[in-house]
Structures are given as C-alpha cells and as structure tokens.
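Structure, as structure tokens:
Computed over heavy atoms, backbone and side chain alike; hydrogens, waters and symmetry mates excluded.
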Amino acid sequence: ECTILVAVYVPDLRRRDLDNCAKNILDGMKGPIYADDTQVEALVAIKRVDRGSPRVEVIAIPEFVDVFEIVAAATSGVAWAHASDRAGPA
C-alpha cells in the first residue's frame, strides 16, 4: 500500500479534469513505483495555475497515510464537513 500526493500546475485557466490528470499520472507510475494502482490506498490531488512553470509534482509515500487525520489536526477549530455528514437522498 502507498499514498500518492499529486500537484498539477497548469499554464492557464482552461478547463481540465483533475481526476483525469491524476489517473494518467497513476497509470504512468505502474512499474517504477508500484506493481498496480490498486496498491494506492490514499490519493491527494490539487490543481493550480503557474503560467511561468507548468509542471506536475508527485510524492509517493510507501505506506498508508491517513490524510483526513492530518487535515483535521491542522484545521482544528475550523468548521468543515465531510461528505458522509450529509443526508443521502430520501
């Protein structure tokens, strides 16, 4: 199992699907980083504009990292809701 952090820095504000970018990156990491992307237990992806230096940055951590615990600790006292807190369809 592993945790993957992906930062995609795009050159402009054109619409791009972050999930498709992340999927392509994960597919490209098969072999050198892990045998199969089913080994990815946690994935964090962000997209930002950097006109001067578009790029992709990836951090691969060879163990599971509970990203929700880290964010919760870093934002204690900040009001935020998890999707599971919402009521489902009636």
Can V6 be reached from I46 by stepping across I, L, V, M, F, W or Y side chains whose heavy atoms are under 4.5 Å apart?
no

Regarding R51 and D12, does a basic nitrogen lie under 4.0 Å from an acidic carboxylate oxygen?
no

Taking atom CD of E1 and atom CD1 of I61, what is their separation to the nearest 0.5 Å?
12.0 Å

Do the numbers put R48 on top of the ring of Y9, so that NZ or CZ is under 6.0 Å from the six-membered ring centre and no more than 45° off the axis?
no

Report whether I4 and I70 are members of the same hydrophobic cluster (ILVMFWY, side-chain heavy atoms less than 4.5 Å apart, transitive linking).
no

Looking only at heavy atoms, what is the nearest atom pair of P54 and V10, with distance?
CB-C, 4.2 Å

Among D19, D27, N20, find the residue that satisfies the side-chain hydrogen bond (donor to acceptor under 3.5 Å, both in side chains) test when tested with K23.
D27

Could you tell me whether a side-chain N or O of E69 sits under 3.5 Å from a main-chain N or O of D66, the two making a donor and an acceptor?
no

Counting distance only, does the side-chain N/O of T3 pair as donor-acceptor with the main-chain N or O of A42 below 3.5 Å?
no

For the atom pair SG (C2) and CG (L43), what is the distance rounded to the nearest 0.5 Å?
9.5 Å

Between K47 (side chain only) and R16 (backbone N and O only), is there a donor and an acceptor less than 3.5 Å apart?
yes

Quick check for you: to the nearest 0.5 Å, what is the distance between D37 atom CG and M29 atom CE?
10.0 Å

Count I, L, V, M, F, W, Y as connected when their side-chain heavy atoms are under 4.5 Å apart, and connections chain through other members. Are V49 and L18 then in the same cluster?
yes

Given the rule that I, L, V, M, F, W and Y join up when any side-chain heavy atoms are under 4.5 Å apart, are I59 and I33 in one cluster?
no

Say you draw a straight line from CD1 of I25 to CD of E57; how long is it, rounded to the nearest 0.5 Å?
11.0 Å

Are V8 and V58 in one and the same hydrophobic cluster, where Ile, Leu, Val, Met, Phe, Trp and Tyr link if side-chain heavy atoms are under 4.5 Å apart?
yes

So which atom in Y34 and which in L26 form the shortest heavy-atom distance, rounded to 0.1 Å?
OH-O, 2.7 Å

